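Computed from a predicted model, the values in this text were never measured in an experiment. Convention: sequence-line order gives letters A, B, ...; per-chain numbering from 1.
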2 protein chains.
Amino acid sequence: MDRKHGRTRDGGTTRDGGASRRRGPELEDAILDAAWDVLVEHGYHGFTYEAVAARAGTSRPVLYRRWPQRDDLLLATLTKFWQPIAVPDTGSLRDDAIGFLHNADADRAGMITLMSVQLVDYFRDTGTSLSELRDTLIAPGQATPFEMIVARAVERGELPDVPRSSRVVNLPLDLLRHDMFMTMRAVPEESIVEIVDEVWLPLLGVPRAPPTTSA
Amino acid sequence: MDRKHGRTRDGGTTRDGGASRRRGPELEDAILDAAWDVLVEHGYHGFTYEAVAARAGTSRPVLYRRWPQRDDLLLATLTKFWQPIAVPDTGSLRDDAIGFLHNADADRAGMITLMSVQLVDYFRDTGTSLSELRDTLIAPGQATPFEMIVARAVERGELPDVPRSSRVVNLPLDLLRHDMFMTMRAVPEESIVEIVDEVWLPLLGVPRAPPTTSA
DNA sequence: ACCGTTAGATACAGTCGCGTATCTTAAGGA
DNA sequence: TCCTTAAGATACGCGACTGTATCTAACGGT
């Protein structure tokens, strides 16, 4: 009919022109890696079978065989790369908080959050939202990072053991996320310190200067 | 050649099949209205010349003649519809805050914020961000709503006249926006009250219960 | 009434992604 | 070694959108 297979195979950017043919899990991993790259670089809009296949050095049918819907591919990709952010345990409430925000910011987690922003179209299509996606991806019944941080501070006696609204407890991460949303880039260290020192600690009743214990 | 004009003109959804032909500013207004609708309903992704023209009951060339680039059309649309949110003046700090958040939430402003989220692709394309867009659209040197609210409370003597970080002052709107981002829908009244009563007022040093003036 | 402007309809060529079908051939187990 | 599985390379038809080019007819001023 036409060329009928011509051993072209330069694909473009990623695969080496080598002869070996990947299979099974190895191939699947490579594809999800490529999918992740595409997602991070071009957002959901550019997250096409076309682009992912090209990036992975394979062809669209291979993707369709595994993930018939775009959502399947997206979910598989997110599931593979969505990892919890490390929660530091320094023995100090303030350092834990700042350290965690720092991780969330600098770590690939920052990228994750930024990238989630790129998913807005996906949320449109599916009628879901970022918070629902997050709930899907994190283990249920799990304590949030700042719940852990606060709990440890209470154990150490650094904070009194009183009930606190989850809004207040989780405030720092919300504010960090907000700044990321607004600026679309990593949040500077000063902002992190500001969030902790000027907002969160005062709210928890931690004095800014050396503890004067008031009256 | 072919049909050569057949007075078809039902366009679809919006224009009446009427005969009259709009011109100049009238037409332009109608197009921007349509553009706004499309943007709100389908986000930046669906914001195509095709869709806007169809919605406005006109044809793409008419749009291209006025706005050669998609950005031009988008900017024109945003500029026409971006309006400041009303800041209530109730004589009470708390009521001002809650009232403003309520306006921001319920008012078309809520839609604006939600819709801005849809612009992420635009930000990608242009390398800008939401905060930059906001700075472009609001008058420069203008006091933010919560700066006004706090200033008035200080005038009334409801708050002491001390310097406050802009992070703290503007916190409520940031938190509202964050919730909108995360849930992609209007924020419930409880959350608004929670933001004001459990976060903002305590941070400003306003006691929750009747003022006990501590020890 | 005439006439320049331009709205609005349509066509066209091009691009990109979709989803599926087909065929070849490499890989790997029995 | 043979034989099944599936990777990988096409191809095809489809639909959406892009920019541009025409042509017509309505509008509005003089």
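- Looking at the side chain of Val62(A), the nearest of the listed nucleotides dA7(D), dT20(C), dT6(C) is dA7(D).
- With the end axes of the helix from dA1(C)-dT30(D) to dA30(C)-dT1(D) each set by five pairs, the angle from one to the other reads 10° at 10° resolution.
- Residue-to-nucleotide contacts include a donor-acceptor pair under 3.5 Å from the side chain of Arg65(B) to the base of dA7(C).
- Under a 3.5 Å cut-off, the side chain of Arg70(A) and the backbone N or O of Phe47(A) do form a donor-acceptor pair.
- In this structure, the CG atom of Asp72(A) is 14 Å from the P atom of dC18(C), given to the nearest Å.
- Taking atom CG of Asp71(A) as the reference point, atom P of dC18(C) lies 12 Å away to the nearest angstrom.
- Taking the six-membered ring wherever Trp is involved, the centroid distance between the rings of Trp200(B) and Phe146(B) falls below 6.0 Å.
- Atom pair Leu73(A):CG and dG19(C):P shows a separation of 12 Å (rounding to whole Å applied).
- For Pro61(B), taking side-chain heavy atoms from C-beta onward, the closest of the listed nucleotides dA7(C), dG28(C), dA21(D) is dA21(D).
- Atom CG of Asp29(B) is separated from atom P of dA7(C) by 14 Å (rounded to the nearest Å).
- For the atom pair Ser191(B) OG and His178(B) NE2, the distance stands at 12.0 Å (nearest 0.5 Å).
- Remark: C1' of dA25(D) and CZ of Arg22(B) are 16 Å apart, rounded to the nearest angstrom.
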Table of protein N/O atoms under 3.5 Å from nucleotides 16-18 of chain D N/O atoms:
unit_1	atom_1	unit_2	atom_2	d
dT18(D)	OP2	Tyr49(B)	N	3.3
dT18(D)	OP2	Glu50(B)	N	3.3

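- Taking CD1 from Ile31(A) and CD from Glu26(A), the interatomic distance works out to 10.5 Å, rounded to the nearest 0.5 Å.
- To the nearest 0.5 Å, atom OG1 of residue Thr144(A) and atom CG of residue Leu173(A) are 8.0 Å apart.
- How far OG1 of Thr48(A) is from CZ of Arg60(A): 9.0 Å, rounded to the nearest 0.5 Å.
- Looking at heavy-atom distances under 4.0 Å, Pro68(B) makes no contact with the nucleic acid at all.
- Counting to the nearest Å, the P atom of dA6(D) and the CG atom of Leu27(A) are 12 Å from each other.
- Between His102(B) atom NE2 and Ile85(B) atom CD1 the span is 13.0 Å, to the nearest 0.5 Å.
- Proximity note for Arg21(B) (side chain, C-beta onward) versus dA7(D), dA25(D), dT10(D): the nearest is dA25(D).
- With respect to Arg22(A) and Asp29(A), no salt bridge is recorded, no charged nitrogen being found less than 4.0 Å from a carboxylate O.
- Look at CG on Leu63(A): it is 11 Å from C1' on dG8(D), rounded to the nearest Å.
- With rounding to the nearest 0.5 Å, the separation of CZ in Arg164(A) from CG in Leu204(A) is 5.5 Å.
- For Thr58(A) and dA7(D), the shortest distance from a side-chain N or O to OP1 or OP2 is not below 4.0 Å.
- Using a 4.0 Å cut-off, some side-chain N or O of Arg66(B) falls inside it from OP1 or OP2 of dA7(C).
- By the side-chain contact (heavy atoms from CB on, under 4.5 Å) test, Ser59(B) is found to be paired with Pro61(B), Val62(B), residues two or more places apart in sequence or in another chain being considered.
- As a whole-Å value, the separation of Arg23(B) CZ from dA7(C) P is 6 Å.
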